[in-house]
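Note that the coordinates shown come from a computational prediction; the quantities given were computed from them, not determined experimentally.
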Number of protein chains: 2
Amino acid sequence: MNLKELAQTLGLSPTTVSRALNGYPEVNEETRERVQAAAKRHHYQPNARAIRLATGRALAIGHVINVATKHEIVNPIFADFIAGAGETYTRMGYELVLTVVNDAEEARAYRSFKARGTVDGVIVHAPRAADPRIELLNEIGLPFVVHGRATGAPEPYSWIDVNNRRAFRRAAEFLLDLGHRRIALVNGFEFMDFAIRRRSGYEQALEGRGVPIDPALMFSDEMTETFGYRAAHAALANPDPPTAFLVSSMIIAIGVRRAIQDAGLRMGRDVSVITHDDDLSYLKNGEDVPIFTATRSSVREAGRQAAEMLIDIVRNPGAAPRNRMFEAELMVGLSTGPAPSKG
Amino acid sequence: MNLKELAQTLGLSPTTVSRALNGYPEVNEETRERVQAAAKRHHYQPNARAIRLATGRALAIGHVINVATKHEIVNPIFADFIAGAGETYTRMGYELVLTVVNDAEEARAYRSFKARGTVDGVIVHAPRAADPRIELLNEIGLPFVVHGRATGAPEPYSWIDVNNRRAFRRAAEFLLDLGHRRIALVNGFEFMDFAIRRRSGYEQALEGRGVPIDPALMFSDEMTETFGYRAAHAALANPDPPTAFLVSSMIIAIGVRRAIQDAGLRMGRDVSVITHDDDLSYLKNGEDVPIFTATRSSVREAGRQAAEMLIDIVRNPGAAPRNRMFEAELMVGLSTGPAPSKG
DNA sequence: TGACATGTCCAAAGCGGTTTGGGAATGATT
DNA sequence: AATCATTCCCAAACCGCTTTGGACATGTCA
């Protein structure tokens with residue numbers, strides 16, 4: 001059943017039916033109700049392809065996911081972020097279009113979104129320092145919101161982010177307060193913006209207490225379980241090993257825990273661990289009491305809000321860029337305790 | 001630059017330009033080259049909205065993800081499956097449309113896909129026994145491929161699946177060969193089809209050796225780390241505890257490992273563990289030697305092939321349903337060893 | 001040489017909606 | 001009673017492509 005047929009069964013013109021269903025004022029209330037009733041009765045749903053062509057809007061938001069940054073790893077937080085964003089899209093009548101690319105195809109994917117008109121805007125994932133995508137998107141005129149920030153990119157642009165620097169500063173200070181002086185940092189790749197900020201917060205905390213920063217205790221790589229294991233294993237083999245780890249993700253932290261246990265040590269007593277927790281639905285940090293002491297910020301909630309922000313931008317072109325900063329919670333769990341006294 | 005403008009600059013009709021670019025034979029080769037050169041020069045990209053309306057095809061595949069099955073967990077294998085499917089879509093010129101729903105909205109989402117014409121077909125994720133979506137999709141006439149099967153659903157339908165029953169039978173037999181007699185099963189929800197098949201394989205193996213099946217050693221819940229911990233913790237508290245665990249996912253296995261270590265036991269010596277490994281990119285099972293002995297099957301590869309199958313079906317309507325079964329590899333790692341002699 | 005096929009192009013009619021620009025009642029105003 | 005505004009509806013244009021149904025020129029065959 002399409003619009004024309006529906007109009008015929010009602011003895012009305014397509015114009016009037018269209019207006020009745022879309023809430024335009026120039027239609028009699030009685031007629032409108034008659035139209036709405038008929039539409040429901042016949043399960044009329046307007047053809048999305050026609051609406052898109054007629055209105056020039058895509059009613060869709062694009063997400064480009066790059067799987068070839070390194071070793072073809074799929075970022076595990078995508079699933080939750082996209083679930084959050086998807087909730088918003090469903091509620092607002094938008095669709096989510098997802099494109100999987102490798103490095104070489106990424107810029108082309110954004111240009112193609114714009115030229116072919118398949119989306120009204122995009123979410124930029126996993127920004128790097130001075131991320132070139134920001135300039136690209138501004139140049140081609142495709143609205144966007146960055147999930148995170150991109151130090152050094154031409155301001156202003158719209159973003160939503162968690163205060164990574166403060167979160168990691170607080171976490172490091174928490175460990176320092178417990179008497180830890182040798183604190184390892186197990187971080188993501190340092191070309192990623194969030195990793196730069198976390199490292200900066202960690203360094204600020206140590207410097208603030210006059211604790212020397214030891215490059216031998218700083219690790220940075222793809223955020224996998226095996227990386228966590230390797231990094232912690234190496235750190236614990238240090239002649240002056242760390243008594244605490246500050247870690248960038250739950251997945252890494254699981255690897256760190258494995259290395260601690262393999263070394264015959266006990267997490268929370270011999271060695272403390274604080275991790276960042278994206279509050280992923282399939283990887284909850286314990287139930288009543290958190291397993292890991294953690295800086296927590298829901299990536300799913302970030303997805304919801306990023307989507308809202310972007311739709312708002314798409315609907316109000318020309319408005320000033322928006323941004324929103326979350327503060328991470330510091331949740332105390334079982335993985336931290338006072339630094340063991342030297343013995 | 002749209003088709004009409006491009007045609008004007010070339011002094012040709014839109015008809016001819018369209019045909020030249022789409023490879024129709026009724027255009028002079030010389031003209032075709034002239035058109036292609038001009039298209040490239042002006043960065044012409046046809047408007048996708050117009051193509052869709054004109055051709056009646058969406059050139060898009062839908063994925064409906066249900067986040068409210070229970071506790072709003074986002075299935076962690078989606079990311080990799082979708083990355084695999086996305087590779088295929090990009091290669092074949094299709095788009096991936098993702099819709100996030102809760103239970104109440106799911107059927108409506110499929111009907112809406114069909115009625116509004118936003119996709120040409122869908123992938124059905126996480127099928128349950130006698131999954132009603134199969135009948136629904138056949139009824140509304142939307143092409144689909146099921147990732148997994150749905151015991152009891154009206155055959156035939158197209159699917160792609162791993163041989164879960166055989167994989168778990170082999171894994172259980174491997175443990176039996178090592179002398180284990182008390183083997184716990186830590187499985188997903190048993191309304192999920194894959195979980196039913198895995199359990200069946202496990203039971204077949206035990207029965208084949210005359211080992212009694214003990215319900216007290218069988219666990220089934222949402223596949224999280226904490227579930228793995230709780231299940232293993234409970235099992236190990238059994239007066240006659242298991243010496244081995246057969247587990248449905250790496251995430252669960254990590255929780256099982258934690259419980260084993262908390263109990264002061266060593267995985268691979270005191271207690272053996274075999275897990276199913278979906279070969280998720282962010283959760284590799286070790287590097288050279290697998291951490292866990294595992295039945296492995298790449299969910300990303302399944303995504304690639306499911307997408308290929310669906311596009312093939314969409315392009316050849318009326319053809320017979322297709323299906324494809326993978327065999328999981330049994331990879332021996334460090335988490336299994338001979339059953340400890342009773343002492 | 002006339003009939004017919006072939007090669008090359010175009011005008012126009014779609015796809016299914018939205019939106020513009022009236023037009024016919026009806027009511028209000030002078 | 002003539003004028004004007006308002007209400008409610010419709011015809012037709014339009015969005016940017018694809019596709020149908022010729023048109024014309026040229027070549028081929030009997």
Please determine if [X] and [Y] form a salt bridge, counting it only when a charged side-chain N lies under 4.0 Å from a carboxylate O.
X: Arg300(A); Y: Asp279(A); value: no
X: Glu308(B); Y: Arg324(B); value: no
X: Arg149(A); Y: Asp193(A); value: no
X: Glu105(A); Y: Arg108(A); value: no

Starting from [atom2] on [N], measure out to [atom1] on [X] and report it in whole angstrom.
X: Gln8(A); N: dG17(C); atom1: CD; atom2: C1'; value: 15 Å
X: Asn2(A); N: dC15(C); atom1: CG; atom2: P; value: 9 Å
X: Leu53(B); N: dA13(C); atom1: CG; atom2: C1'; value: 13 Å
X: Leu6(B); N: dC17(D); atom1: CG; atom2: P; value: 9 Å
X: Leu59(B); N: dC15(C); atom1: CG; atom2: P; value: 18 Å
X: Leu10(B); N: dC9(C); atom1: CG; atom2: P; value: 11 Å
X: Arg57(B); N: dG14(C); atom1: CZ; atom2: P; value: 21 Å
X: Asn28(A); N: dT6(D); atom1: CG; atom2: P; value: 18 Å

State which of dG17(C), dC9(D), dC9(C) makes the closest approach to the side chain of Glu26(B).
->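 Among dG17(C), dC9(D), dC9(C), the one nearest the side chain of Glu26(B) is dC9(C).
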Output the single nucleotide from dC15(C), dG16(C), dT19(D) whose closest atom is nearest the side chain of Ala54(A).
->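 Closest nucleotide to the Ala54(A) side chain: dG16(C).
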Give a yes or no answer on whether the side chain of [X] reaches the backbone of [Y] with a donor-acceptor pair at less than 3.5 Å.
X: Lys114(B); Y: Gly141(B); result: yes
X: Tyr89(A); Y: Arg304(A); result: no
X: Asp131(A); Y: Arg128(A); result: yes
X: Arg133(A); Y: His125(A); result: yes
X: Asp278(A); Y: Leu280(A); result: no
X: Arg32(B); Y: Tyr24(B); result: yes

Could you check which residues of residues 30-47 of chain B get a heavy atom under 4.0 Å from DNA chain C? Sort them by number, please.
-> Thr31(B)
In residues 114-121 of chain B, what residues come within less than 4.0 Å of DNA chain C, judged by heavy atoms?
-> none
Base, sugar-phosphate, or nothing for Ile51(A), non-hydrogen atoms under 4.0 angstrom?
-> sugar-phosphate
If you round to the nearest 0.5 Å, how far is CG of Leu96(B) from CG of Leu96(A)?
-> 7.5 Å
Could you write nucleotides 23-28 of chain C as a row of B, S and -, 5' to 3', where a protein heavy atom under 4.0 Å of any base atom gives B, of only sugar-phosphate atoms gives S, and otherwise -?
-> ------
Sugar-phosphate means primed atoms, P, OP1 and OP2; the rest is base. With that split, encode nucleotides 21-28 of chain D 5' to 3' as B, S or - using protein heavy atoms under 4.0 Å.
-> B-------
Please figure out whether Lys4(A) or Gly11(B) has its closest DNA chain C nucleotide nearer the 5' end.
-> Gly11(B)
Is the phosphate of [N], meaning OP1 or OP2, less than 4.0 Å from a side-chain N or O of [X]?
X: Thr16(B); N: dC9(C); value: no
X: Asn22(B); N: dT18(D); value: yes
X: Tyr24(A); N: dT19(C); value: yes
X: Ser13(B); N: dC9(C); value: no

Salt bridge (Lys or Arg N to Asp or Glu O under 4.0 Å) partners of Glu139(A), counting only residues at least two apart | Arg111(A)
Under the salt bridge (Lys or Arg N to Asp or Glu O under 4.0 Å) test, residues paired with Arg41(A) that sit two or more places apart =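 Arg41(A): no salt bridge (Lys or Arg N to Asp or Glu O under 4.0 Å) contacts found.
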Using a distance-only test with no angle check, is there a side-chain donor-acceptor pair under 3.5 angstrom linking Asp103(B) and Asn66(B)?
-> yes
Are Ser18(B) and Thr15(B) linked by a side-chain donor-acceptor pair shorter than 3.5 Å?
-> no
